[in-house]
Amino acid sequence: METMKYTYQYPHPAVTTDCVIFGFDGVSIKVLLIQRGIDPFKGLWAFPGGFIKIDETAEACALRELEEETGLKNATVEQFHTFTTVERDPRERVITIAFYALVKISQVKGGDDAASARWFTYDEIPHLAFDHDQILRMAVTRLKERICFEPVGFELLPEVFTMTELQNLYEALLGVKFNRRNFYNKMLKLEILEESEKRPEGTPTRIPVKYKFSPEKYTELKQKGFRLEF
């Protein structure tokens with residue numbers, strides 16, 4: 001009897017992907033959740049995700065599910081952990097490969113493969129389906145680690161921003177408050193910011209300078225090995 005491709009005589013687990021999507025509204029870090037429209041956990045909130053098709057990679061699955069459930073296209077996702085607890089899914093033995101992404105909130109338009117999609121601030125996130133509470137905690141930990149070694153911000157801020165908005169972002173990510181002058185000096189010394197336009201002479205100093213990231217300097221810092229210490 002001929003054996004079909006990808007079939008085996010031994011039991012094996014199904015594999016899914018789940019995506020933790022972070023955004024920034026100028027004040028707070030937000031997490032994108034979808035409300036499950038089917039069982040199990042119908043009505044509860046969870047991360048965008050789904051089962052990997054037989055002919056796609058984990059990353060391709062993550063990107064496909066993101067588009068189907070949130071309308072988000074061409075996101076840059078990064079794998080951070082695989083969750084393998086035996087009873088994490090009541091349907092069957094399921095392993096999930098978790099990704100995270102940093103996106104501009106305006107990029108998410110909403111998809112049609114979920115009951116609802118909504119941004120939550122970190123302190124208002126409800127109890128999540130499956131083991132997604134654990135996934136979220138690990139994703140937040142990884143993001144805090146990453147911010148010390150990469151100049152995070154390019155993906156979350158608008159193209160043009162103020163130094164106050166950048167400081168708000170770092171304070172929200174790390175859960176700390178910085179001295180305004182020290183933060184400004186630290187960021188300017190990194191040389192990854194450039195003024196988007198010169199402030200006209202005679203303009204009151206209370207009107208903030210607008211900045212944008214220098215892609216060349218940003219890439220150079222990442223390649224050299226960036227470490228941010230306050």
Side-chain angles (χ1 to χ4, degrees), residues 13-36 40-52 58-59 61-63 65-66 69-70 72 75-105 107-108 114-157 168-178 226-230:
V15 185
T16 62
T17 62
D18 286 295
C19 298
V20 185
I21 308 300
F22 294 102
F24 181 62
D25 66 359
V27 177
S28 302
I29 295 295
K30 293 200 168 186
V31 178
L32 183 66
L33 300 176
I34 59 100
Q35 189 173 35
R36 288 184 58 78
F41 306 112
K42 182 177 180 179
L44 292 189
W45 295 88
F47 297 123
F51 286 90
I52 298 177
E59 183 173 332
C61 173
L63 294 174
E65 290 289 345
L66 276 179
E69 295 186 334
T70 72
L72 183 62
T76 300
V77 296
E78 183 173 327
Q79 183 178 329
F80 69 91
H81 195 69
T82 300
F83 294 83
T84 63
T85 302
V86 174
E87 297 181 350
R88 58 175 305 278
D89 191 316
R91 294 168 293 188
E92 59 178 312
R93 177 75 170 101
V94 178
I95 290 171
T96 196
I97 302 171
F99 293 81
Y100 72 85
L102 310 178
V103 306
K104 295 176 177 62
I105 288 179
Q107 291 178 308
V108 178
S116 178
R118 177 181 156 193
W119 289 99
F120 290 81
T121 58
Y122 190 68
D123 59 1
E124 68 177 4
I125 292 175
H127 175 67
L128 302 178
F130 303 102
D131 56 352
H132 289 194
D133 293 294
Q134 179 187 359
I135 292 175
L136 175 61
R137 288 194 298 272
M138 183 170 286
V140 170
T141 298
R142 289 298 175 87
L143 184 58
K144 288 182 178 181
E145 292 171 353
R146 180 184 172 189
I147 199 173
C148 294
F149 295 97
E150 290 187 29
V152 171
F154 184 81
E155 305 97 330
L156 292 172
L157 289 170
N168 287 345
L169 171 62
Y170 274 77
E171 289 179 344
L173 284 169
L174 295 173
V176 297
K177 289 290 185 181
F178 296 114
F226 174 87
R227 182 170 181 83
L228 182 64
E229 296 178 342
F230 289 97

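Counting begins at 1 with the first residue of the sequence.
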Side chains of [X] and [Y]: does their closest heavy-atom pair fall under 4.5 Å?
| X | Y | result |
| --- | --- | --- |
| L66 | V77 | yes |
| T84 | P13 | no |
| F47 | I21 | no |
| F99 | C19 | yes |
| L173 | F22 | no |
| C61 | F51 | no |
| R146 | E78 | yes |
| W45 | F120 | yes |

Nearest non-hydrogen partners of [X] and [Y], listed with the distance:
| X | Y | value |
| --- | --- | --- |
| W119 | G23 | CZ3-N, 3.4 Å |
| D25 | K30 | OD2-CE, 3.2 Å |
| A46 | A129 | CB-CB, 4.1 Å |
| D89 | P40 | OD1-CG, 4.4 Å |
| I95 | R93 | CG1-NH1, 4.0 Å |
| G50 | E65 | CA-OE2, 3.5 Å |

Strictly distance-based, threshold 3.5 Å: is any side-chain N or O of [X] a donor or acceptor partner for the main-chain N or O of [Y]?
| X | Y | answer |
| --- | --- | --- |
| E69 | G49 | yes |
| E155 | V103 | no |
| R142 | F80 | yes |
| N168 | G26 | yes |
| E171 | F178 | yes |

Around E124, counting heavy atoms of other residues, nucleotides and ligands shown, do more than 12 lie under 6.0 Å from its CD?
yes
Around K42, counting heavy atoms of other residues, nucleotides and ligands shown, do more than 12 lie under 6.0 Å from its NZ?
no
T121 vs V27, test: side chain to side chain contact (heavy atoms under 4.5 Å, CB included). Steps then yes/no.
CA-CA 10 Å; T121 58; V27 177; over 6 Å; no
Could you walk me through whether R118 and L33 satisfy the side chain to side chain contact (heavy atoms under 4.5 Å, CB included) test, starting with their C-alpha distance in whole Å, then the side-chain angles of each, then the deciding distance to 0.1 Å, before giving a yes or no?
CA-CA 6 Å; R118 177 181 156 193; L33 300 176; 6.0 Å; no
Can you tell me how far apart [atom1] ([X]) and [atom2] ([Y]) are? Round to the nearest 0.5 Å.
| X | Y | atom1 | atom2 | result |
| --- | --- | --- | --- | --- |
| L128 | Q134 | CG | CD | 12.0 Å |
| Q35 | L44 | CD | CG | 8.0 Å |
| Y100 | T76 | OH | OG1 | 11.5 Å |
| I52 | T16 | CD1 | OG1 | 7.0 Å |
| L156 | I29 | CG | CD1 | 5.5 Å |
| I135 | D18 | CD1 | CG | 4.5 Å |

Indicate the ring-plane relationship of F83 and H81, choosing parallel, tilted or perpendicular according to the 30° and 60° boundaries.
perpendicular
